[in-house]
Amino acid sequence: MTEALDILTQASLWAAVLRIATPLIFGTLGALLCERAGVLNLGIEGIMTLGAMVGWLSVYWGADLWTGLLCAALAGAIAGLLHAALTVPLGLSQHVSGLGITLLASSLTYYVYRLVVEQGSSPPTITPFQPLAIPGLSDIPFLGPALFAQTTPTYLAIALIAVTAYVLARTPLGLAVRMVGENPHAAEAQGIDPTRVRIGAVVAGSALMAVGGAYLTTSAFNSFFPTMIQGRGWVCIALVVFASWRPGRALAGALLFALFDAYQLRLQHVVGALVPYQLFLMVPYVMSIAALVVMARRARVPQALMQPYRRGER
Amino acid sequence: MRLERRAHVPLGLAIAAPFAAVLVALLLAGLLIAAAGADVLEAYRRLAIGAFGSRLSLTETLTRATPLMLTGLAAAVAFRAKLWNIGAEGQFYLGALAAAAVGASGLGLPSAIGIPILMAAGALAGMLLLLGPLLLRLRFGVDEVVTTLLLNFIVLLFVSMMVEGPLRDPTAFGWPQSVPVEAAYKLPKLLPRSRLHIGLAIAVAAAVLLFIVQSRTVFGFESRAAGHSPAAARFAGISLSGTLVKVALISGGLAGLAGAIEVTGLKGYVTTDLSPGYGYSGIVVAMLAGLNPIGVVVTALFVAAVFVGADGMSRAMGIPSFIADVIVALSLLTMLVALLLVGYRVRK
């Protein structure tokens, strides 16, 4: 029992929490941005898969790591543009279109990966991002190695939370995004073009999702393998509800989630002989469902979420 | 440019839509085949041969279409009532596991009694699995898309736990697979010297039955009304939650049945790679069919042919067989657009 509690005092656990949370932060922020503008983006699972592969492949073909992330973001933006085109001007079912994007983006990813890497060969590796110790802060005992010796994309993710929160709450652009998500008719009356704002939000959000995927191949690991996203996209969709569509709470949700995940990984070593490992692996998915149930009634859903907007139509 | 709803949808247009959608999907996938440096027409010729070119390939396509028909029906019946069941994959696995567990428990029943019991066990498991997310939606307002998706991962881990634990076959040389069901419970073959089993007949019968239920019964009307306009349905005195529960029982039951049939029709035991995504492909099958149960039989054959044919094409030409998944995913998106063009007119 004390062993199970000792885990919580290891600096490596807290370092792992931030590492596990990073792709979730990118993904949740991306999904949140789409949904605040009124578009559910179930393409997230496929877009993260695509981003993971494109990020890795760009670096494998000689680009530097940041260019790799940029290429991933671009690929995600293109997939997002497709989803936006189908759901915003055409007003097609956001559920079905999103699932279609996930099926298309992931199968396309596997197809291209197989063209580059032959079946049966071991996945080629790249040199990933190295931890960047923040001078001064990383020397603090316990807290230093736990929080301030991450790779740069992790710091970027946390900074993006603040930027998104600021833009959404305090800028005209953020107000426009929120308005088209709450009441596109009122937005239009104010001279805002709901179609353009929604498309922009979905494209930007999808780019963020893809960067979350690319973090896995360029920082957390050093290669790509199929099925590596493992439902992280769906977890992000649940985290958006848990966060009640607020960026700050999304950070808290992602960290809480990552804490459980990192903890169960370590707990496996302690009690692994007694409990089947699959039960531990179920924890993230069970937690996501639990989070949905707890928050569903309390959350402030964007009022126009999943409602297509056609000018002059009610 | 704007879209204007057609007052009357021409029948010819509605029938042409899936064909046009598939054609465009094949054209787009052709670009990817060309990008791989292969001859596109030769590739599609190989695909057709791989799917229909011999007795073996034809029976293989029909065998592969069987679970797709059932998961396609599961999606079609649910989507018509706007119940977004994306959990057919999990329901398939839980149905397979339930059938395998009952079939290997040493009951020693004759085939005529044992097989229906196994089918019922599979269907029941699928039903129960979908009732959970539906209850969460009705009681707490939780979107069933995300919960059914998340449950797919939980169920697959549960299956993995069972085939490595209590249900593990000790004679399988260390492979994680369940104890095979008794020989009496294996489904009879439809054709000798093939893998094709009577599951195909069951799937087609289910499609016909569902078509009749949907077009000729009060429940069929209620489920359509629930999907089309919940407010109007409520005004007409239809219990929305009661209708959705019935829809969920049918949808989950069909997906669970698919799993039970796949186990008893083919290998007789469960592994964690029993389904190459039948649950997800079923969504495409249902959408291509315009959610029509009879159409599902046809579109399941198409999707199965793409998968089986792509294997042959991949072996012959070195194109990754993932091209099949790309074609199927593209078909879903092009079909969505085609359905829009059928229902709406584009006005300048």
Side-chain angles (χ1 to χ4, degrees), chain A residues 40 42 45-46 82-83 86 89-93 95-115 118-119 226 230-231 233-235 237-238 241 276-282 284-289 292-297 299 301 306 310-313, chain B residues 1-3 5 29 32 35-37 79 82 84 86 132-133 136-137 139-143 145-147 149-154 156-162 164-165 277 280-281 283-284 287 314 318-337 339-340 344:
Chain A
L40 177 70
L42 293 181
E45 183 80 7
L82 182 58
H83 182 57
L86 292 174
L90 296 183
L92 294 171
S93 160
H95 280 129
V96 184
S97 168
L99 289 168
I101 299 286
T102 280
L103 290 178
L104 179 62
S106 41
S107 55
L108 199 61
T109 300
Y110 301 152
Y111 178 78
V112 172
Y113 180 73
R114 268 283 162 268
L115 281 180
E118 297 231 333
Q119 187 145 23
Q230 285 285 342
W234 311 133
V235 168
I237 296 285
V241 180
Y277 69 93
Q278 290 95 343
L279 279 182
F280 291 105
L281 295 180
M282 282 179 201
Y285 310 114
V286 175
M287 268 189 57
S288 300
I289 293 178
L292 284 172
V293 173
V294 171
M295 291 307 293
R297 282 269 188 254
V301 189
M306 287 192 272
R310 291 202 188 95
R311 188 170 302 168
E313 227 178 78
Chain B
M1 192 191 88
R2 65 198 179 84
L3 296 165
R5 194 185 282 275
L32 289 170
F79 285 16
K82 294 259 162 67
W84 300 106
I86 319 296
L136 292 183
R137 165 174 159 182
R139 181 83 181 72
F140 300 101
V142 180
D143 186 6
V145 172
V146 189
T147 47
L149 273 168
L150 290 165
L151 272 174
N152 289 341
F153 291 87
I154 296 175
L156 199 59
L157 286 166
F158 181 70
V159 170
S160 158
M161 193 167 95
M162 287 296 126
E164 286 181 21
Y280 301 106
S281 307
I283 296 168
V284 186
M287 289 305 296
S314 175
I319 300 163
S321 58
F322 284 117
I323 194 72
D325 301 81
V326 177
I327 293 173
V328 169
L330 280 171
S331 308
L332 175 63
L333 294 175
T334 52
M335 182 65 190
L336 265 182
V337 177
L339 280 176
L340 180 84
Y344 287 80

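Note on naming: letters A, B, ... go to the chains in the order of the sequence lines (proteins, then strands), and numbering restarts at 1 for each one.
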**Asked** Can you tell me how far OG of A:S288 sits from CZ of B:F153, rounded to the nearest 0.5 angstrom?
**Response** 10.5 Å
**Message:** Ignoring hydrogens, what is the shortest heavy-atom contact between A:Q278 and B:E164? Give both atom names and the distance.
**Reply:** NE2-OE1, 3.3 Å
**Request:** Pick one of side chain, backbone, both or neither for B:L136, based on which atoms fall under 4.5 Å of a heavy atom in chain A.
**Result:** side chain
**Request:** Give, as side chain, backbone, both or neither, the part of B:V145 having an atom under 4.5 angstrom from any heavy atom of chain A.
**Result:** side chain
**Asked** With chain A, which of B:P320, B:G141, B:A329, B:G165 has the greatest number of heavy-atom pairs at distances under 4.5 Å?
**Response** B:P320
**Message:** A side-chain contact here means heavy atoms from C-beta on lying under 4.5 Å apart; do A:S93 and B:F79 qualify?
**Reply:** no
**Message:** Once rounded to the nearest 0.5 Å, what's the spacing between atom CG of A:L42 and atom CD1 of B:I86?
**Reply:** 8.0 Å
**Request:** Not counting sequence neighbours, which residues clear salt bridge (Lys or Arg N to Asp or Glu O under 4.0 Å) with A:R114? List them please.
**Result:** none
**Prompt:** What part of A:V241 is in contact with chain B, defined as an atom under 4.5 angstrom from a non-hydrogen atom: side chain, backbone, both or neither?
**Reply:** neither
**Asked** When heavy-atom pairs shorter than 4.5 Å are enumerated against chain A, which of B:L339, B:V146, B:L149, B:D143 gives the highest number?
**Response** B:L149
**Prompt:** For the residue pair B:S160 and A:Y277, what are the closest heavy atoms and their distance?
**Reply:** OG-OH, 3.8 Å
**Asked** Which answer fits B:L32, side chain, backbone, both or neither, if we ask what part of it has an atom under 4.5 Å from a heavy atom of chain A?
**Response** both
**Message:** I need the minimum non-hydrogen distance between B:A36 and A:Y111, along with the two atoms involved.
**Reply:** CB-OH, 3.6 Å
**Fill in**
Under 4.5 Å to a heavy atom of chain A? For B:V328 that would be neither
**Request:** Side-chain contact test, heavy atoms from C-beta onward, threshold under 4.5 Å: evaluate it for A:I101 versus B:L333 and give yes or no.
**Result:** yes
**Asked** Does any non-hydrogen side-chain atom of B:W84 lie less than 4.5 Å from one of A:V96?
**Response** yes
**Fill in**
Rounded to the nearest 0.5 Å, the CG atom of A:L292 sits from the CZ atom of B:F140 at a distance of 12.0 Å
**Nearest non-hydrogen partners of B:I154 and A:M282, listed with the distance** = O-CE, 3.7 Å
**Request:** Measure the OG-CG distance between A:S106 and B:D325 for me, rounded to the nearest 0.5 Å.
**Result:** 8.0 Å
**Asked** What part of A:L86 gets closer than 4.5 Å to chain B, counting heavy atoms only: side chain, backbone, both or neither?
**Response** side chain
**Interface residue of largest heavy-atom contact number with chain B, from A:I237, A:V235, A:L40, A:L108, under 4.5 Å** = A:L108
**Asked** Between B:L157 and chain A, which part of the residue has a heavy atom less than 4.5 Å away: side chain, backbone, both or neither?
**Response** both
